[in-house]
Amino acid sequence: MNRLYLTTPLYYVNAEPHLGHTYTTIIADTLKRYYQSQGIETFLLTGTDEHGDKIVQAAKDSGVEPKDHADRISALFRSTWDACGISYDHFIRTTEPYHKQTVQEVLKGIYDAGDIYFGEYGGFYCYGCERFYTEKELTDGKCPDHQKEPTYIQEKNYFFRMGKYQQRLISFIQSHPNFIQPERYRTEVLAFLREPLEDLCISRPKSRLQWGIPLPFDSDFVTYVWFDALINYVSALKLKGQEFFQDFWPKANHLIAKDILKPHAIFWPTMLMAAGLPLYEHLYVHGYWVMESGKMSKSLGNVIRPLEMKKRFGMDTFRYFLLREMVFGQDGTFSMDAFVMRVNADLANNLGNLVSRILAMQKRYFDGVVQPLGGSWSEEDVKLREVFLQAGEELQRHMERLYFHRALESIWAALDRTNQYIVQTSPFLLMKDPDRHARAGEILHHLLEALRMTSNFLVPFLPETAKEIRSLLAIPEGPSTAEVPWGTYFQPAHIVRPPAMLFPRIELEND
RNA sequence: CGCGGGGUGGAGCAGUCCGGUAGCUCGCAAGGCUCAUAACCUUGAGGUCGGUGGUUCAAAUCCACCCCCCGCAACCA
């Protein structure tokens with residue numbers, strides 16, 4: 001049995017779900033649906049990362065305990081993904097006992113193996129912020145928040161011998177060209193690894209931070225950030241049992257945004273090496289959504305809220321834009337103008353209108369009853385089928401490389417061809433001559449096949465729409481019909497439903 | 001010389017890894033159709049693919065150098 005384990009990052013509960021979170025999660029969901037439809041057993045993990053300074057701070061700001069704060073934001077993420085129809089299999093929280101247990105087991109293992117040591121860390125510490133600053137973060141040598149010069153302090157902490165694994169990691173990445181994708185990020189990681197890798201500080205003294213998982217070998221310290229957060233990918237599988245872990249872990253595929261490349265491409269593999277675990281299979285890295293009106297920020301009022309987009313335009317419409325507009329790996333621009341343009345052109349004018357015009361003819365001319373196909377097909381008929389076969393092949397090729405935009409382009413090229421086919425064959429003209437009604441019926445039969453194929457293609461990208469088209473064609477719920485050859489699916493007396501408007505054109509007032 | 005990315009018709013973007021008529025959406029011009037969501041189809045105008053040089057029969061695509069813009073630069077999710 002082929003398996004695939006997909007993960008989103010664990011979202012940090014210091015912010016509410018925004019466009020970036022939504023994009024990563026939708027990508028994960030799309031991949032899951034795609035591979036599921038290929039007969040692969042999939043497991044999709046998402047969740048929330050809930051420990052650390054920033055959470056304590058955020059909780060303090062809203063006057064609640066860290067746990068209450070984390071509960072609230074975590075629930076918000078979960079309900080958002082539910083409302084968005086994300087088909088995740090497990091939602092993990094780093095504050096849950098089974099996760100803490102796994103983190104402690106892994107830490108203990110690495111400690112016992114001698115790859116964690118007690119050392120000293122010095123840095124610029126601001127007592128107002130209760131955190132260290134790097135020199136670059138300081139403005140004129142002062143803390144940007146308090147305008148005060150930080151104090152250089154030294155602190156005892158635990159360190160992970162990350163540098164020890166540098167060579168092994170380099171060799172691994174070099175011998176596994178697809179380990180990090182797209183390639184630009186692999187190049188970046190290799191470039192980074194040309195410099196010596198320092199050891200990683202993995203603890204905070206409890207005197208400064210209590211909101212964390214205690215180190216199993218020293219109860220005066222808690223683990224700090226990544227050792228806690230990254231291990232979730234393992235602890236979620238362990239929760240399902242050792243066998244489940246064995247089956248899925250080697251098939252782990254992590255999806256992340258470029259901001260957390262280093263932890264995932266460097267910290268995490270070396271941690272796995274130290275823990276004696278196999279490395280994950282792939283790391284897929286995407287870029288940022290840049291708001292046309294400048295940086296995304298609440299004060300500018302240009303924050304894209306996933307639930308709001310769903311409510312205004314429908315989830316599939318929102319998904320379509322995100323998948324079609326961004327080249328996976330590169331940054332993309334988000335603007336409402338581009339959104340409206342894309343949606344009107346591709347979903348309303350093309351897909352929606354096409355479905356509607358075909359079903360309208362089927363209804364008007366034959367009262368929805370699918371007509372038989374004759375033995376001989378015209379050149380156009382054959383061509384139409386080939387166009388869809390080709391689109392299916394291209395789709396597969398593009399999905400393997402995370403080229404969502406190109407996969408959709410391939411589908412839409414087939415839709416364009418279908419519109420052309422309608423004009424070329426003009427069934428609406430044939431219907432004026434009673435002798436040619438049979439031919440018009442055949443043409444419509446081919447067009448219904450085009451829609452059937454389209455609905456199969458759309459399953460991973462636009463799940464609701466795929467389902468709706470299926471329902472309009474009166475195709476029962478159940479497995480994909482992609483394997484049924486063109487022209488053999490619709491049986492005599494099959495009746496399709498009257499047209500429905502799938503995507504209304506968006507007319508934006510100056511709101 | 002820190003690392004990486006981007007610079008393609010009026011606008012926004014694909015295409016660059018694997019060289020071979022420069023593609024898509026919007027906008028503009030002309031025509032067609034009437035089945036459809038003022039939609040759909042055809043044709044046209046508009047590009048020295050940031051610059052210079054090189055490799056090649058052939059370069060947006062490979063190589064070198066230069067200019068402009070943007071991220072990252074380690075314990076900061």
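Just the heavy atoms: all of them, side chains too, but no hydrogens, waters or symmetry mates, feed the values below.
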By nearest-nucleotide position on RNA chain B, the 5'-leaning member of A:Phe192 and A:Arg505 is A:Arg505

For this session: Quick one: label A:Ala348 by what it contacts on the DNA or RNA (base, sugar-phosphate, nothing), any heavy atom closer than 4.0 Å.
Result: base

Partner of B:G2 under the Watson-Crick or G-U wobble criteria, both distances under 3.5 Å, comes out as B:C72

For a quick check of understanding: with a heavy-atom distance under 4.0 Å over all strands, which category does A:Asn353 fall into, base, sugar-phosphate or nothing? base

_Need one value for A:Arg401: base, sugar-phosphate or nothing, where a base atom within 4.0 Å counts as base even if backbone is also close, heavy atoms only._
base

Closest of B:C40, B:U25, B:U16 to the A:Arg342 side chain is B:U25

- Item | salt_bridge(A:Arg406, A:Glu409) N-O dist < 4.0 Å | no

C1' spacing across the pair B:U56 / B:G19, given as an integer number of angstrom: 9 Å

From CD of A:Gln424 across to C1' of B:C41 the rounded distance in Å is 9 Å

side-chain N/O A:Arg324 vs B:A14 OP1/OP2, d < 4.0 Å: no

Side-chain atoms of A:Lys262 come closest, of B:C33, B:A73, B:C40, to B:A73

- Query: With rounding to whole Å, what would you report as the distance between B:C57 and B:U43 at their C1' atoms?
  - Reply: 34 Å

Taken to the nearest whole Å, CG/A:Asn350 to P/B:U25 is 9 Å

Any strand, both distances under 3.5 Å, Watson-Crick or G-U wobble: B:G53 pairs with B:C63

query = C1' atom, B:C28 versus B:G46: distance in rounded Å?
reply = 9 Å

Worksheet item: What is the nucleic acid contact for A:Val327, judged by heavy atoms within less than 4.0 Å: base, sugar-phosphate only, or nothing?
Response: sugar-phosphate

Review point. Would you say A:Arg186 reaches B:C17's phosphate, i.e. side-chain N/O to OP1/OP2 under 4.0 Å?
Key: no

Closest of B:U37, B:C40, B:C35 to the A:Ser356 side chain is B:U37

Checking N1-N3 plus N6-O4 or O6-N4 for Watson-Crick, or N1-O2 and O6-N3 for wobble, each under 3.5 Å, the partner of B:A29 is B:U43

Checking N1-N3 plus N6-O4 or O6-N4 for Watson-Crick, or N1-O2 and O6-N3 for wobble, each under 3.5 Å, the partner of B:U34 is none

If you look at every strand shown and take non-hydrogen atoms under 4.0 Å, does A:Asp228 touch a base, only sugar-phosphate, or nothing? nothing

**Message:** Less than 6.0 angstrom from the centroid, inside 45 degrees of the normal: does A:Lys262 satisfy that with respect to the ring of A:Phe192?
**Reply:** yes

Fill in: B:G47 and B:G12, which share atom name C1', separated by this distance in whole Å
15 Å

A:Gln330 CD to B:C17 P, in whole Å, measures 14 Å

If you measure from the C1' atom in B:C67 to the same atom in B:U52, how many Å do you get, rounded? 11 Å

| message | Need one value for A:Pro196: base, sugar-phosphate or nothing, where a base atom within 4.0 Å counts as base even if backbone is also close, heavy atoms only. | response | base

Winner on side-chain proximity to A:Leu197, out of B:C35, B:A74, B:C76, is B:A74

With rounding to the closest Å, how many angstrom separate the C1' atoms on B:C62 and B:U37? 48 Å

B:G23 -> Watson-Crick or G-U wobble partner, both distances under 3.5 Å, gives B:C13

Notebook entry, point to check: Within the structure shown, what part of the strands sits under 4.0 Å from A:Ala360 by heavy-atom distance: base, sugar-phosphate, or nothing?
Noted result: sugar-phosphate

query = Just checking A:Glu183: base, sugar-phosphate only, or nothing, at a heavy-atom cut-off of under 4.0 Å?
reply = nothing

From the candidates B:U37, B:C26, B:C40, the one with an atom nearest any side-chain atom of A:Asn419 is B:C40

query: When we call it a touch if two heavy atoms are under 4.0 Å apart, what does A:Leu502 touch: a base, just sugar-phosphate, or nothing?
result: base

